[in-house]
Structures are given as structure tokens and as C-alpha cells.
Asks: 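The structure is given below, and queries will be raised subsequently.
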Number of protein chains: 2
Amino acid sequence: MTSSQSTQKRSTYHHGDLERSLLDAAETELETNGIERFSLRAVAKRVSVSPSAPTHHFGNTDGLLTALASRGYSKFIKMQDKRESRAGDDPKAKLAASGLGYIDFAKKHPALFRLMFASERTDKANPNLAKAANAAFEKLTKHIEAIQGVDPHTNQIAMADALAVWGIAHGLADLTISERLGRATFLAGMSDEDRDEFFSDIILRGVSTHLEKKT
Amino acid sequence: MTSSQSTQKRSTYHHGDLERSLLDAAETELETNGIERFSLRAVAKRVSVSPSAPTHHFGNTDGLLTALASRGYSKFIKMQDKRESRAGDDPKAKLAASGLGYIDFAKKHPALFRLMFASERTDKANPNLAKAANAAFEKLTKHIEAIQGVDPHTNQIAMADALAVWGIAHGLADLTISERLGRATFLAGMSDEDRDEFFSDIILRGVSTHLEKKT
DNA sequence: AGCGCATCTTTACACTGTTCAGATTGTGCG
DNA sequence: CGCACAATCTGAACAGTGTAAAGATGCGCT
């Protein structure tokens, strides 16, 4: 009769769904203290469990973080989907929306974002993580293909577009959560809609206006 | 008679130039283990000094890291200057070179780069750090001004260009040291010159080709 | 029913950053 | 010149960290 509620307290010796509970607790711990001050013992304490309980499920702290990053990519893709669904049918508008979702995610889960894209504590050879990260990239390449009519995997110019757009979205996202873009004071004073349009314009600068060779 | 050599061993009780020595040791420690596994005690051990010796000079570990980040911006700017000096007189070529220097730095000092741009252990209110970071940004705005003929600080469209270029360079740099761009297999097989040209093209997509209003 | 095994706790250890009292040395002031 | 003071560094101690090893617990299967 184990409830699926993850933050529950268990009076029984066995927890029931400790794995999910630990992931949830780890995520709030991560967003609270950041990766650099992340504490496994603190996570265990949140779930009212001994410090070594996570060991069996995740091996060690990095294992837990790796699993957390994997799950992060699902949220990441969902957040992009949400933006895309509101974007109409124009392929470029969809791509821009996807980029805005990229930035949305970074703003909503900055520490998780950093864990996924800039942490060394994550096991990049982990199959789940690799697959999740791959799915995110494939989303991008399909947008480019819809726009350019060529698959980036077989066309270098289209691949260049993909990397350019990725770089722009990623850079804007990373600088945003570092609060570096506040330097442009006019950005802070902008409405959400204007800011979205501003970012969209920049993101779309990544796609080349004319494919030179279609190989 | 204190030599200015920083990695020396002192037989005397007082060190002589412990501050610089600690910074040097901290930098190699940082590049060796990354921020997430950075250890102050290990730094002290490198200089053959007690674990509490750094306290007086930097307050605490974050203080040391903040000083390290400040110094990092100097190297950062120098690395961009080096690229620019080889770039000829065309303002766009200079801007692209500056962006390549941005990426050069990230590749050469990945952990320091992350400390400067993505760490929470750094005191952003620190005057030295703020000034150093500001200088780096001013370098960018001057490039844009040289190209567009308008100061980004007084023209929003020029500022948009600055942020776009910054986002692109930063995104490419960050993704590069995360080894994410290896997905585009053709990038790995490229010569340095081709890769530079490839990145330059992408970076220059950030500058708008025609200023709409010159406010 | 009861055995096996996954799950969780307890204990212990090495390591971390920081504080505090004391040792050592350079420096300025008389 | 001498001496007290201030700056600098050490040593010991403390709370906190991750992880390994051994023991406790109870779920599920035969």
C-alpha cells in the first residue's frame, strides 16, 4: 500500500519508493544550495533516512546526480514542447519557441541546468543520460531540417546552423542565470513578451538565410 | 630578499609572497580537480603551508576563489588581445577574433572559465572582480561601436548586437569545454584554421546587417 | 512457514573548511 | 638602538562531508 507521494514519511523500516523520493529531495536540495554546496547527507535528512541509504540505489553521490540529470532532460524537453505548441506552424517560429523553452528551463531550474550542461560530477557515459541528452539534440536538428529541408546529419551547412542556434540559445540561457545580461538595463525593464521577441530575433540569427550548397 | 618566484619553498617562518603563491597553487588545483572538487587544504599543501594560512589573506575559500576569478579576467582579456592583434584592421574581423579569443580562453582554462562565469562561490560584489568583468564587456561594446558606429550603451539595437555576439561566443565556448559540439563529428576532423573560420562565421551572425533606427 | 535477499541503519574513517589560541617575525616609534 | 606592536603563520580542535563495512529488518517467493 505504498502511496506514490514521494515526500512522505515512513514509519516502516522499508521506505517503499525511496529512489523517487531521493531524486525529488536531491532536486530541491540542488536548487536550494547549488551544485557546489550540494550535500548527500542533507538529501538523506530531507527524506528522514540514513546517510548511507542512497548508496544501494545510486552507488554514490555522483550516481544520484547522474540520475537527476537524466530526469532533468525530460523536463527540459517538455518545457520546449510547451513553447512550441503555442507557436503556430511556421518552422522558424517553432525553432525560436524551442529556444525560448531552453531559456525558460534554465531560468526555472538554474542549478539543474548547470548540472546537466556544466558539471563534472555527472557520468556522461551513462546510457540513460546519453540517450536523454541525445533526444534533446535531435529535437533541434529536426527543427533545422524543417526549415532548411536538409538533415543536419548529412549536410554540414545545416549542421552549422544547428550548432549556431544551439550556441546562441545556450549562451543566452547561461548568461541569463548568471545575471550577466542585466548589464543591458533595458532588458530588465522589458515586458515578458518583448523580451521573448528580443531573444527570438537573436536565436533566429543562427539560421543561415540561404544554403550555399545542398551537398 | 624575497625572490618573486611564487612556487618557492621557504625555510623562514614567513613566506614572503604567500598571496601570489596561493593564487598560483589555487589555479593549478582548480584546473586539476575542477571547482566541484576544489580543496583549500590541497592548495595549502601545494605551497607547504598550514591549512589556515590562507585565511589572513583571503578570509575564506570563496575569497581566494574570488581573487582568482579577478586575475582570470586579465588573462581572458590578454588572450582576446592576442587574437585581435593578428586580425588586421577590419572591425568585423577584429570582433570575430575577439570571440575566438573568448573560446581560446575557455579551452585553455576550462575550470577558471567556469569559475568566472558560472560559479556561485565568487563574490560578485567584490570591486576588483566587478571591475575586471566590466572591462571585458566594454571590450565587446567597443567592437560593436566600431562596426555599427553607435555606442551600445546609448543605442538598443547596438546593444542587442552586443548581447547576441556575447551569447554566441559564450555558448560556443561553454559547449566546447563540455565536449558537446563533438556531436558534429566534422568539427573534430577539422583543421584549426577551418574551425576558426567556422566559429568566426557563426559569431558574426550576431551582428545585424542593417541598423533599423539609430535613435 | 520460513528462507533468501534487497533494503536500510549503525558505526567508523578519512577528509573537508574554519575558528582560536599561540608561536614567530617584520616594522615603526620612542 | 631597542622594544612593543602588528602582521603573519602554525597547531589543535570542531562540526560537517562522503563512503565503506557490518549488522538489523522485513518483503516476497517457493
Side-chain angles (χ1 to χ4, degrees), chain A residues 1-4 6-26 29-30 32-68 115 119-123, chain B residues 1-4 6-26 29-30 32-68 115 119-123:
Chain A
M1 226 64 66
T2 63
S3 144
S4 66
S6 52
T7 51
Q8 62 183 329
K9 290 208 175 179
R10 288 257 127 213
S11 54
T12 61
Y13 191 91
H14 281 22
H15 184 278
D17 195 5
L18 183 56
E19 194 160 321
R20 178 189 300 274
S21 297
L22 283 173
L23 282 173
D24 289 344
E29 164 74 11
L30 184 69
T32 303
N33 294 342
I35 316 180
E36 290 159 347
R37 306 211 185 277
F38 182 88
S39 159
L40 179 64
R41 289 182 105 106
V43 172
K45 203 165 287 179
R46 282 177 187 273
V47 196
S48 305
V49 112
S50 93
S52 51
T55 304
H56 181 265
H57 295 274
F58 300 100
N60 56 14
T61 306
D62 289 5
L64 171 58
L65 291 174
T66 299
L68 196 58
L115 175 69
S119 176
E120 296 173 1
R121 307 196 59 177
T122 238
D123 177 20
Chain B
M1 228 63 65
T2 64
S3 147
S4 64
S6 53
T7 49
Q8 63 183 328
K9 290 208 177 183
R10 289 254 127 215
S11 53
T12 60
Y13 192 90
H14 279 24
H15 184 280
D17 195 4
L18 183 57
E19 194 161 321
R20 176 186 305 272
S21 297
L22 283 173
L23 282 173
D24 290 343
E29 164 74 10
L30 184 69
T32 303
N33 293 341
I35 317 180
E36 291 160 346
R37 307 211 184 276
F38 182 88
S39 159
L40 179 63
R41 289 182 105 106
V43 172
K45 203 164 287 178
R46 283 176 188 274
V47 196
S48 305
V49 110
S50 94
S52 50
T55 304
H56 182 263
H57 295 274
F58 300 102
N60 55 16
T61 306
D62 288 4
L64 171 59
L65 290 174
T66 299
L68 196 58
L115 174 70
S119 176
E120 297 172 1
R121 306 197 59 176
T122 238
D123 177 21

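Reminder, nothing fancy here: chain letters follow the sequence lines and each chain counts from 1.
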Asks: Do Pro54(B) and Leu40(B) have side chains that get closer than 4.5 Å, going by heavy atoms?
Replies: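 They are in side-chain contact.
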Asks: Verify the contact: side-chain N or O of Ser39(B) to OP1 or OP2 of dG17(C), cut-off strictly under 4.0 Å; return yes or no.
Replies: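 Checking dG17(C) against Ser39(B), a side-chain N or O does come within under 4.0 Å of OP1 or OP2.
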Asks: I need the CG-C1' distance between Leu22(B) and dT10(D), as an integer number of Å.
Replies: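 It is 14 Å, rounded to the nearest whole Å.
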Asks: If you find the nucleotide of DNA chain C closest to Ser50(A) and the one closest to Arg41(A), which residue's nucleotide is nearer the 5' end?
Replies: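 The residue closer to the strand's 5' end, by nearest nucleotide, is Ser50(A).
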Asks: Say whether, by atom type as modelled, one donor and one acceptor occur between the side chain of Glu19(A) and the main chain of His57(A) under 3.5 angstrom.
Replies: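 Flag not set: sc Glu19(A) to bb His57(A) has no pair under 3.5 Å.
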Asks: Taking it one step at a time, do Thr32(A) and Arg46(A) satisfy side-chain contact (heavy atoms from CB on, under 4.5 Å)?
Replies: CA-CA 12 Å; Thr32(A) 303; Arg46(A) 282 177 187 273; 3.8 Å; yes
Asks: Between atom NZ in Lys45(A) and atom P in dT10(C), what is the gap in whole Å?
Replies: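 Atom NZ in Lys45(A) sits about 13 Å away from atom P in dT10(C).
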Asks: Specify the separation, in whole Å, of atom CD of Glu19(A) and atom P of dA6(C).
Replies: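 After rounding, the reported distance stands at 15 Å.
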Asks: Leu40(B) has an atom CG; how far is it from atom P of dT18(C), in whole Å?
Replies: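 Spelled out: CG on Leu40(B) to P on dT18(C) is 6 Å.
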Asks: Name all pairs fulfilling the salt bridge (charged side-chain N to carboxylate O under 4.0 Å, His left out) condition that reach into residues 52-63 of chain A, sequence neighbours left out, sorted by first residue then second.
Replies: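 Qualifying pairs: Asp62(A)-Arg121(A), Asp62(A)-Arg37(B).
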Asks: Within residues 52-64 of chain B, which residues have any heavy atom lying less than 4.0 Å from an atom of DNA chain C?
Replies: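 Only Ser52(B), Thr55(B), Asn60(B), Thr61(B) qualify.
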Asks: Are Leu115(A) and Phe38(A) side-chain neighbours, meaning at least one heavy-atom pair lies under 4.5 Å?
Replies: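 Heavy-atom side-chain distance check fails, nothing below 4.5 Å.
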Asks: Between Arg37(B) (CZ) and dT17(D) (C1'), how many Å, whole number?
Replies: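 Rounding to the nearest Å, CZ of Arg37(B) and C1' of dT17(D) are 13 Å apart.
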Asks: Name all residues meeting the side-chain hydrogen bond (donor to acceptor under 3.5 Å, both in side chains) criterion together with Thr122(B); count only those two or more places apart in sequence or in a different chain, and write none if there are none.
Replies: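 If we apply the side-chain hydrogen bond (donor to acceptor under 3.5 Å, both in side chains) test to Thr122(B), skipping adjacent residues, there are no hits.
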Asks: To the nearest Å, give me how far apart CG (Leu18(A)) and P (dC8(C)) are.
Replies: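 So the CG-P distance, Leu18(A) to dC8(C), works out to 5 Å.
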